[in-house]
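Report on the following structure.
In each ligand, atom 1 is the first atom listed, and ligand 1 is the first ligand listed. Numbers for residues simply follow the sequence, beginning at 1. All heavy atoms count here, side chains included; hydrogens, waters and symmetry mates do not. Computed from a predicted structure; not experimentally measured.
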Amino acid sequence: MPKKHTDVLIIGAGLAGSLLAWRLLQTGQKIQLIHHPSITSASRVAAGLINPVTGQRLVLQKNIDQLLASAHQLYRQLGEEFNQPFFFKKTMLRTLQSKKDQAAWKKRQRDPRYQSYLSNMEPSQCEGQQTVIQQHQTGYLDTNTLLNSLHRYFQQKQSMHSLVFDSHDLQIHHDHIVWQEIRASQLILCQGWRGMHCNFFSYLPFQPAKGEILTLSTSDILPKHIIHQGKWLLPLNHKAFKLGATYQHQNIDEKPSEAGKQELLKALISMGMAQKNITLKQHQAGIRPNTLDKQPFLGMHPKYPSIGIFNGFGSKGSLLIPWYAQRMAQYLEHQTPLPSHADIQRFSCA
Ligand SMILES: Cc1cc2nc3c(=O)[nH]c(=O)nc-3n(C[C@H](O)[C@H](O)[C@H](O)COP(=O)(O)OP(=O)(O)OC[C@H]3O[C@@H](n4cnc5c(N)ncnc54)[C@H](O)[C@@H]3O)c2cc1C
């Protein structure tokens, strides 16, 4: 007999599972959250950058106003709840490196939608001959500190457990599931890239991408802003900074590699940082839960209506998850339709 009855059982306590759990608790739902520290989480590797305009073509994220408002509101609320800031605003200076970059910038300068996100640098601040532009409404989420706070909170409520989920142990009934000692009306899988191996949702087109990132310290003076020159440098305090990230679709694993490290350190030279004054503190690797159509995966399984997924936030979890977690919570509680671009009904399950 199951001992714990809950509304929603969530598997995975990265940013997706943890922020969904928080949203559900806020609306009075009962949750149980399962993760295992031995199963790595991309959220623990991520730099947490929020950047509304990305890629060589300088593309503005769709629905950016809603996404940013939701992220700022949630991270502010969590900051007040746990009495410490988690999100830090920081302007980004971006060097336009290719002809493609330059052409995109010419076009974007005439587009009013971009005005609050991109601007020219004063010529005196530009680096040599290269064009440098400013990106606004950028910053970073301290994902590790946030997850530590949230996990302590869930543990105090006896809502979080360190267990490995295996779907073979699952009993599926028409209006609930039972897993180990937990009976839940709904089961939501938030397993990051490992979701692609879960037998319920392996039909969804995941496109995982490995990334590596370095945490370094320096005796040099660090720039005040985030620097973006293909690779980015994120100054954390007067001595430490993060440098990232590599991007790899083939032969992916979660191991930091020498090649990844060298690729990142090489980028430092073009950023004008002397390598001799630098100490490597940490070298991490993780796998981003990217999707083929670049949209998240939200919704319930077509054959098992009490089993759902909340996943596929790719390289933009810090920006996307707050708004989608709200939509997912409303869907689970009130059946409010999901945004069609993110609803997994767009794919057929054979
Ligand atoms: C190098 C790198 C840099 C990045 N930089 C940024 C950035 O600057 N900005 C940004 O927004 N995003 C960035 N990302 C992407 C970001 O990490 C993801 O969008 C986000 O963290 C995904 O969160 P998630 O909760 O879906 O997955 P994850 O964080 O991977 O969480 C998955 C969870 O599922 C659990 N789990 C899986 N299987 C099981 C099981 N069988 N049993 C129990 N638990 C299980 C894991 O333990 C974990 O808790 C980066 C990613 C990488 C790799």
Side-chain angles (χ1 to χ4, degrees), residues 9-21 32-52 54 61 67 71 75 87 90 92 138-144 146-147 150-151 154 160-170 179-180 187-199 201 206 208-215 226 228 231-234 242-248 252-254 256 260 264 282-291 294 296-298 309-322 324-325 328:
L9 170 62
I10 297 175
I11 309 297
L15 263 189
S18 301
L19 292 182
L20 179 63
Q32 292 292 319
L33 183 58
I34 305 298
H35 83 137
H36 201 274
S38 68
I39 304 176
T40 51
S41 163
S43 309
R44 294 286 185 178
V45 176
L49 291 174
I50 288 189
N51 179 13
T54 53
Q61 169 70 41
L67 294 171
Y75 298 140
F87 177 68
K90 242 181 217 297
M92 182 182 279
T138 48
Y140 72 98
L141 177 73
D142 182 348
T143 50
N144 275 299
L146 174 60
L147 288 176
L150 278 169
H151 292 180
F154 297 138
M160 185 167 180
H161 313 277
S162 288
L163 295 166
V164 175
F165 173 77
D166 183 343
S167 60
H168 296 104
D169 306 337
L170 193 64
W179 184 72
Q180 298 211 350
L187 167 72
I188 305 298
L189 301 167
C190 305
Q191 294 172 274
W193 74 277
R194 284 187 181 80
M196 68 189 285
H197 299 305
C198 160
N199 44 9
F201 293 106
F206 280 89
K210 178 177 177 176
E212 297 187 46
I213 203 166
L214 305 179
T215 306
I226 303 167
H228 190 317
K231 300 282 183 281
W232 47 256
L233 181 158
L234 170 64
K242 288 199 185 235
L243 181 66
T246 64
Y247 198 94
Q248 182 187 335
I252 56 170
D253 58 39
E254 292 173 292
L264 292 169
Q282 202 177 14
H283 179 187
Q284 291 169 285
I287 300 182
R288 304 170 180 92
N290 289 11
T291 68
K294 317 263 185 277
F297 295 151
L298 273 65
I309 187 164
F310 183 66
N311 202 332
F313 298 101
S315 310
K316 296 188 180 177
S318 320
L319 173 63
L320 303 182
I321 292 171
Y324 285 100
M328 187 73 184

Before signing off on this row, confirm whether G12 and ligand 1 have an N or O atom pair separated by under 3.5 Å. no
I need the contact type for L163 against ligand 1. Using non-hydrogen atoms and a strict under-4.0 Å cut-off, is it side chain, backbone, both or neither? backbone
Return a yes/no value for L15: is any of its N or O atoms, backbone included, closer than 3.5 angstrom to an N or O of ligand 1? yes
Check: S318 N/O within less than 3.5 Å of ligand 1 N/O: yes
Numbering the atoms of ligand 1 from 1, which are under 4.0 Å from a heavy atom of G211? 1 (C)
Side chain of N144, backbone of R44: donor and acceptor closer than 3.5 Å? yes
Centre-to-centre under 6.0 Å for F206 and F201, is that the case here? no
A student checking ligand 1 against H36 at a 4.0 Å heavy-atom cut-off should list atoms 43 (C), 44 (N), 47 (O)
A student checking ligand 1 against G314 at a 4.0 Å heavy-atom cut-off should list atoms 15 (C), 16 (C), 18 (C), 19 (O)
Nearest-option assignment for atom 23 (O) of ligand 1, heavy atoms, candidates S43, G14, G317: S43
Of I39, T40, I11, the residue with the heavy atom nearest atom 47 (O) of ligand 1 is I39
Which of parallel (below 30°), tilted (30 to 60°) and perpendicular (above 60°) describes W193 and H197? perpendicular
